[in-house]
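Both ligands and their constituent atoms are indexed starting at 1 by order of listing. Remember, it's a predicted structure, so these values are computed and weren't measured experimentally.
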Amino acid sequence: MKILVLGSGAREHAIILALRAEQERHEILCAPGNAGIARHATLVEVDPMNGSAVRAFADEHGVDLVVIGPEAPLVAGVADVVRGHGIPVFGPGRAAAQLEGSKAFAKRIMEAASVPTGRAMRASSAAEVDAAFDALGAPYVVKADGLAAGKGVIVTDDRAAALAHAEHYLPHGPVLIEEFLTGPEVSLFFLSDGDTVRALSPAQDFKRAFDGDEGPNTGGMGAYSPLPWLAEQFGSEAAFVDEVTRTVAMPVVKQLDAEGTPFIGLLYAGLILTPAGVRVIEFNARFGDPETQVVLPRLRTPLSRLLLAAATGTLEDQPQPVFTDDVAITVVLASEGYPEAPQTGRPIGGLAEAAAVEGVGIVHAATAAPDAPEGDLIATGGRVLNVVATGSDFADARARAYEAIGRIRLDGAHHRTDIAARVAE
Ligand code: AMP
Ligand code: GLY
């Protein structure tokens, strides 16, 4: 197949590596990509935010499938333009992508579909925020409505800080005040063709910047999959996945279909396992980053087959995806100052030494090739690289991931040292 992947991060690199790992040889194009992706795909110059440009390119080059990685082009309606032209696209249209693009929309769909989620109140003024704080109590959870790259949410006992966060976003529209939920978090991905879903294996993301879940929220500092502790609560991973499919994914997909805005692409359910049961904290309309980096290396079913089936409405013909029993962990290497003010442009060394650790792969999030042919790669963003290690157990995979990350040189870089530490014990 000829596949065009849109995006430039570690998620897109991981998707491309999974496509490359298939027996079938694909021709893979990526726009805009990064220096790591350039080794596994042909980088092409198309603006991923411009639907007509993507459609024209796909048309001209006979692309069989367009895979949209990030949320911004989805919310901008790029999938609608390309799909409208008869080209298979993995990624929801603008309307269905509101599941991620608007927290208020997501809440409305969940209510309409009776999906279990935390109680929430909409507030349009400081006085309404105050009233919602009184009604729902501490800790306070405030969510901005639109896309905010992980920065829109605050969870705090500090009422003044929660109010200040709300007041920062109120000029842009109403905010959501949500009931505080407690329990382990799980990211569960569903491929959807608008009517049928296929679940992938669960993963856990580490969202806070520093060890021990301290510091600000980030896009994600590490992840692991599978989650062996799910079996204690649900009997098996499969029982958990079945429950979430039944109570969350199918009702949402049916609801969106009934509203005339079918969800074609990846439905990401962000869940908290509270003592009272599973609750949805958010939906995303695309593969999670960094969870994808640990889920896809464990996938044995050819990824391209699943993506194409979702894009062409034939997921029902596909068997359930198969995963290995191997475990995978990923640790993110971030630039100095990430997430608040990442320092970019610094040279990266030691990548070959890191990749030489057995069972380790290096996935690029924000790298660029230097102008001089012999120069080092440079870091171009906050999350720069992901070290991914697979193995038969977590202690072993962790040891190799951290051995590899220790070999990478990037001035001022930081990473968490406790990814999958608890599950490894
Ligand atoms: P979100 O962007 O909605 O995923 O929120 C980011 C993070 O904030 C989540 O991963 C949770 O750790 C936390 N969070 C969000 N909503 C709640 C909630 N209702 N109760 C507790 N923590 C939450
Ligand atoms: N890892 C969280 C996300 O992709 O939104």
Side-chain angles (χ1 to χ4, degrees), residues 7 9-12 14-15 69-72 74-75 97 99-107 110 116-121 132-133 135-157 162 165 169 175-189 200 202-209 212-225 265-296 330-332 334 339 363 365 382-383 386 416 419:
R11 161 185 49 219
E12 289 75 26
I15 289 170
E71 58 274 22
L74 296 169
V75 171
L99 215 48
E100 171 164 6
S102 164
K103 304 259 184 205
F105 177 87
K107 278 285 177 198
M110 283 191 266
T117 183
R119 265 213 307 151
M121 298 171 76
F133 285 172
L136 296 173
Y140 307 103
V141 180
V142 181
K143 300 188 175 186
D145 189 53
L147 289 184
K151 294 194 189 109
V153 177
I154 193 171
V155 181
T156 178
D157 278 312
H165 183 85
Y169 285 99
V175 297
L176 279 182
I177 313 301
E178 199 170 275
E179 166 194 7
F180 175 76
L181 301 170
T182 171
E185 290 187 38
V186 177
S187 301
L188 187 55
F189 301 162
L200 301 183
Q204 187 167 68
D205 179 18
F206 291 72
K207 286 207 166 71
R208 300 292 192 115
D213 294 329
E214 299 286 340
N217 253 320
T218 71
M221 295 297 290
Y224 69 91
S225 174
L266 194 116
L267 177 63
Y268 166 139
L271 308 165
I272 290 195
L273 312 189
T274 76
V278 177
R279 298 284 182 275
V280 174
I281 41 171
E282 67 163 346
F283 286 118
N284 292 313
R286 37 111 193 134
F287 279 101
D289 187 347
E291 296 96 313
T292 302
Q293 289 86 298
V294 290
V295 171
L296 293 187
T330 186
V331 183
V332 171
V363 179
R383 291 189 292 177
N386 284 48
R416 280 183 63 159
I419 305 300

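- In Leu181, the parts holding a heavy atom less than 4.0 Å from any atom of ligand 1 are both the side chain and the backbone.
- A salt bridge is absent between Lys143 and Glu282: the closest approach of a Lys/Arg side-chain nitrogen to an acidic carboxylate oxygen does not fall below 4.0 angstrom.
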Residue pair Thr330, Asn386: steps toward the side-chain hydrogen bond (donor to acceptor under 3.5 Å, both in side chains) verdict: CA-CA 6 Å; Thr330 186; Asn386 284 48; 3.2 Å; yes

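- Those atoms of ligand 1 that come under 4.0 Å of a heavy atom in Glu185, given as number and element, are 9 (C), 10 (O), 11 (C), 12 (O).
- For Lys103, the closest heavy-atom approach to ligand 1 falls below 4.0 Å.
- Checking Thr117 against Lys107 by side-chain atom types alone, a donor-acceptor pair falls below 3.5 Å.
- Counting atoms of ligand 1 from 1 in the listed order, those under 4.0 Å from a heavy atom of Lys207 are 10 (O).
- Residue Asn284 approaches ligand 2 through these ligand atoms, each under 4.0 Å from one of its heavy atoms: 5 (O).
- Of all heavy-atom pairs between Ser225 and Pro202, the closest is OG-O, 2.8 Å.
- Donor-acceptor pairing under 3.5 Å is lacking for the side chains of Tyr140 and Glu178.
- Residue-level proximity to ligand 2 for Glu291 is carried by the side chain, the only part with a heavy atom below 4.0 angstrom.
- Atoms of ligand 1 found under 4.0 Å from any heavy atom of Ile281 (numbered from 1 in listed order, with element): 3 (O), 9 (C), 10 (O), 11 (C), 16 (N), 17 (C).
- The distance from the CZ atom of Phe206 to the CG atom of Asp213 is 7.0 Å, given to the nearest 0.5 Å.
- Heavy-atom contacts of Asp205 reach the following atoms of ligand 2: 1 (N), 2 (C) (cutoff under 4.0 Å).
- Looking at ligand 1, you won't find any N or O of Val155 less than 3.5 Å from one of its N or O atoms.
- Any N or O atom pair closer than 3.5 Å counts here, and Lys207 shares no such pair with ligand 2.
- Within the 4.0 Å heavy-atom shell around ligand 2 one finds Gly288.
- Close contacts of ligand 2 with Gly219, meaning ligand atoms under 4.0 Å from a residue heavy atom, involve 1 (N), 2 (C).
- Between Tyr268 and the options Glu100, Arg286, Glu291, a side chain to side chain donor-acceptor pair (under 3.5 Å) holds for only Glu291.
- Side chain of Arg416 to main chain of Ala209: no donor-acceptor pair is present (N/O by atom type, distance under 3.5 Å, no hydrogens or angles).
- Of all heavy-atom pairs between Val141 and Phe180, the closest is CG2-CA, 3.9 Å.
- Nearest heavy atoms, Ser187 versus Asp205: OG-CB, 4.3 Å.
- Every heavy atom of Phe287 sits 4.0 Å or more from the atoms of ligand 2.
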Verdict with supporting geometry, Leu188 and Leu271, side-chain contact (heavy atoms from CB on, under 4.5 Å): CA-CA 8 Å; Leu188 187 55; Leu271 308 165; 4.2 Å; yes

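- Within the listing of ligand 1, atoms 20 (N), 21 (C) sit less than 4.0 angstrom from a heavy atom of Phe180.
- Comparing heavy-atom distances from atom 7 (C) of ligand 1 across Asn217, Val142, Thr182, Ile272 singles out Asn217 as nearest.
- Nearest to atom 3 (C) of ligand 2 among the protein's heavy atoms is Arg286 NH1, 3.5 Å.
- The ligand atoms of ligand 1 that sit less than 4.0 angstrom from a heavy atom of Lys143 are 3 (O), 15 (C), 16 (N).
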